[in-house]
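Taking it in order: structure first as structure tokens, then the write-up.
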Amino acid sequence: MKNRLFPLFVSVCMFATAPANARDFSIQDLYNLDIEGLANIEVSAASKRSESLGAAPSIMSVVTRDDIQRYGAVNLHDVLNRVPSLQVLNSTGSPNNTVSLRAATNQHYPNRILFLIDGRPVRDSYGGHLNYSLFTHYPVSNIEQIEVIRGPGSVLYGTNAYAGVVNIVSKAACDACAEISTTYGSFGRKDQEGRASYSGEDWSISGAIKSTDVDGEKFVITDETSTRGEYRAREEGLGYFVKGHYKNFNATAFVGRARQTSLGIFARLPESVSDGRRSTVDIGYAEQVFDNTKIEAHLTYNRLRGGLNTDAPELNRDDLLVAELGLQTQLRDNLILSWGGFAEHQDGVVADTPYQQHLHNLYGQLEWMPTEHFKFVGGLQLNDSEAFKADFSPRLAMVYQPLGNIGVKAMFGKAFRSSTAIERELFIPNVITGNSNMKPETIETIEGQVFYGDDVVYAALSAYKSRMQDIIGRVANPAGAGFLITNTGEQVFHGVEFESQLSFYDGWQVEGSVSWQEGESDTDIDNPTFSANLMAKLGVSYKTDSWSLGLYDSWFGTPEDLRATNPSVLEVNKQPDAYHLVSANLNVNLNDTLGLSGDLPEMSVTFYGENLLNEDIYFPEYNRKNINSFPIDTGRAAYGRFTVKF
């Protein structure tokens, strides 16, 4: 692979340093090409600056504020389940915490996807992503859009940007505005949510808050000790978000706490209670230091107090500090260099065992546009740590747009995920032993896309092949009983994705996606992460100034049988099968509908139903692999919401 890519890399470098021809085109020209609709929506996650979706050197999907209003949702998980190739799962130990993208996850934590809030990382070194407080308690009313990169992102972001990147973009502050809402519904759900903001000439401040209290559905299940019993999926917690800016300074913070009950880390009754508390604070400064260079500095602190389970009550905490300096230099009208680095300090305790680690990264990315239709991107990151040898993560991309609304993308990227504290330090006698001598997991992905976008339709067809190596997993402990966490081997996945959105007749919108993937491990196990080979998602909605109505279905195919990896698995629960998640959402503006006085604040009611077919949704118990399945979603549910905007 490296031999085939080297000539292309050299060619890109030679083009980038060649003399300008008679007609140079600015990279900004590509960003401003006349592409209507979704292809021209502005995104920032792919290059750490604003550009159109069509020009971004990544395969991306975007969920807008308008999409969320059409979908309906009670939390971030509901929104993410609409994204192509993405499946929201569950874990026996950490419910509402697992997300699979292109099948690249099989753990309690979605640590192969990097989550960002306004471009800054929300992660931990304890497990990678103990993020259920984010998924369930980030205020959905505060989301402007969600940008999802499908494919490697380590060149700009480092560890965990492995299978993809999810950037949650918060709403901009308004002059003086506020809204509050209350939601009640099935399984005793009671949600309260609000947001407010104020802005001046060179400053702004905004905030949002969400509280949740859910009695939960009762599940009857047989655990891995063959005990038959029940547990209730309770959930309660609070999340709040604050951001502000003054001149060149900006700051953001998200704080969340979630308590929930589950089957527990060891998949055994009685039910276990997990308590996760997360804080993410970022302070940034941006300045145009020369005519052609912008500098941006960030100090990001992630604090985790949690992972506390009643069936594993040991002390766990994590303090993660990242200092980053990034620069963007316009070398020529058609040549931009993004470069910088970051240092990371990890300090924490896992299962009563303290740990510390330091990581250092340097990165550079060159974007060159030889004509108004071509853009080439080449990037490289050096990552180093006291826990592993220095390594490089490269990136190559080509974007070709022969016409404003037609484009082709071709990309190669490598990403990595360094081991977490749990994987290095965990020690439960005769059960599991961590390993401090592991190499990072790596993934190499070749992918391409053809897309079309105008003011009526957007459609994109993508294909990819990924090779994951040095996968961190569990093997029989050669030094005793139980399992040893170590690098285990490789897996290869390939797939095809199609997504489209059609807007017509002034308010109607049809959108959908179909994705297919399959994988194999070097031990000849098919689909080793158990994610669905086939997903199909379709939605139809109609929106006016006064009301909107949407009907959506996300279908997930049958996962691989656990017996392929553990022939002696206990088949004691419902066998996992394909399932439909059908939802409907009706939103009505009461002021317009009832002809209320214009002096009154804007009021609306929303009726949202999910899993309308009342499917029993079970998934293979992929962590310990001792029982065949466990439930990952609730049955049919209906919710009502009342919202007031000031």
Side-chain angles (χ1 to χ4, degrees), residues 28-46 50-73 79-86 143-150 169 372-375 399-409 448-463 496-515 535-555 582-587 589 592:
Q28 196 63 36
D29 291 340
L30 181 59
Y31 300 158
N32 295 331
L33 283 177
D34 186 19
I35 311 170
E36 301 294 337
L38 185 59
N40 204 35
I41 194 169
E42 294 290 303
V43 296
S44 59
S50 182
E51 59 190 336
S52 71
L53 177 63
S58 296
I59 291 178
M60 299 184 67
S61 296
V62 178
V63 180
T64 67
R65 172 178 54 182
D66 180 71
D67 292 331
I68 295 173
Q69 185 176 2
R70 291 171 182 263
Y71 295 162
V79 180
L80 292 176
N81 240 348
R82 310 295 181 195
V83 175
S85 287
L86 193 150
I143 298 175
E144 179 64 29
Q145 67 184 37
I146 300 174
E147 305 167 4
V148 181
I149 295 176
R150 304 196 299 276
V169 181
E372 62 180 325
H373 301 301
F374 273 103
K375 179 168 77 170
V399 180
Y400 174 52
Q401 295 178 249
L403 298 173
N405 54 6
I406 298 175
V408 178
K409 300 181 182 183
Q449 184 182 73
V450 179
F451 67 88
Y452 173 86
D454 58 28
D455 57 353
V456 175
V457 64
Y458 172 81
L461 178 65
S462 310
V496 178
E497 303 159 333
F498 175 75
E499 59 182 310
S500 65
Q501 185 180 95
L502 176 64
S503 302
F504 59 101
Y505 292 125
D506 193 25
W508 283 97
Q509 181 172 292
V510 179
E511 61 182 90
S513 68
V514 178
S515 55
M535 304 181 198
K537 306 179 182 185
L538 179 65
V540 180
S541 62
Y542 179 72
K543 184 179 179 182
T544 72
D545 292 337
S546 302
W547 60 276
S548 64
L549 176 64
L551 180 64
Y552 293 85
D553 180 22
S554 295
W555 179 83
V582 178
S583 66
N585 185 64
L586 172 64
N587 183 273
N589 185 304
D592 292 341

Distance-minimising heavy-atom pair for G54 and Q401
O-OE1, 3.8 Å
Show, in sequence, the C-alpha distance, side-chain angles and deciding distance for N585 and L549, and conclude whether the side chain to side chain contact (heavy atoms under 4.5 Å, CB included) test is met.
CA-CA 6 Å; N585 185 64; L549 176 64; over 6 Å; no
Going through the checks in order, is the side chain to side chain contact (heavy atoms under 4.5 Å, CB included) test met by V450 and I406?
CA-CA 8 Å; V450 179; I406 298 175; 5.5 Å; no
Got a sec, which residues hit side chain to side chain donor-acceptor pair (under 3.5 Å) with N81, two or more places apart in sequence or on another chain?
none
With heavy-atom distances below 4.5 Å as the criterion, would you say the side chains of I149 and I59 are in contact?
no
Quick one: side chain to side chain contact (heavy atoms under 4.5 Å, CB included) partners of T64, sequence neighbours excluded?
I41, V62, D66, D67
I want to check something: taking the side chain as every heavy atom from C-beta on, are Q145 and V43 in contact at a cut-off of under 4.5 Å?
yes
With E147, which residues qualify under salt bridge (charged side-chain N to carboxylate O under 4.0 Å, His left out), at least two apart?
none
If you measure from OG on S515 to CZ on F498, what distance do you get to the nearest 0.5 Å?
12.0 Å
Using a 3.5 Å distance criterion without hydrogens, assess whether the side chain of S58 forms a donor-acceptor pair with backbone atoms of M60.
no
If the condition is side chain to side chain donor-acceptor pair (under 3.5 Å), which residues does S583 pass it with, not counting sequence neighbours?
R82
List in chain and number order the residues that pass ring pair (Phe, Tyr, Trp, His ring centres under 6.0 Å) with Y552, two or more places apart in sequence or in another chain; answer none if no residue qualifies.
Y71
So, do P57 and E51 sit near enough that their side-chain heavy atoms are less than 4.5 Å apart?
yes
According to the salt bridge (Lys or Arg N to Asp or Glu O under 4.0 Å) rule, which pairs have a member within residues 500-514, sequence neighbours left out?
none
Can you tell me how far OG of S513 sits from NZ of K537, rounded to the nearest 0.5 angstrom?
5.5 Å
Nearest 0.5 Å, please: how far is CG in L586 from OG in S541?
12.0 Å
How long is the gap from CH2 on W547 to CG on N587, to the nearest 0.5 Å?
11.0 Å
Can you find a pair of side-chain heavy atoms, one from F451 and one from L53, that are under 4.5 Å apart?
no
Nearest heavy-atom pair of A55 and V399: which atoms, and what distance?
O-CG2, 3.9 Å
Sorted by chain and number, sequence neighbours left out, side chain to side chain contact (heavy atoms under 4.5 Å, CB included) with I146 holds for V63, L76, V79, L80, I143, V148, V166
Taking only residues two or more places apart in sequence or in another chain, which ones pass ring pair (Phe, Tyr, Trp, His ring centres under 6.0 Å) with Y400?
F374
Got a second to check how far Q509's CD is from F504's CZ, nearest 0.5 Å?
9.5 Å
Tell me, please, which residues at least two apart from L538 pass side chain to side chain contact (heavy atoms under 4.5 Å, CB included).
V510
Nearest non-hydrogen partners of N405 and G453, listed with the distance
CB-O, 2.6 Å
Return each pair, listed once, that meets salt bridge (Lys or Arg N to Asp or Glu O under 4.0 Å) where at least one residue sits in residues 496-505; pairs must be two or more places apart or across chains.
R102-E497, R150-E497, R150-E499
Is it true that a side-chain atom of K409 and a backbone atom of A56 form a donor plus acceptor pair closer than 3.5 Å?
yes
Find the distance between CG (D455) and CG (N40) and round it off to the nearest 0.5 Å.
11.5 Å
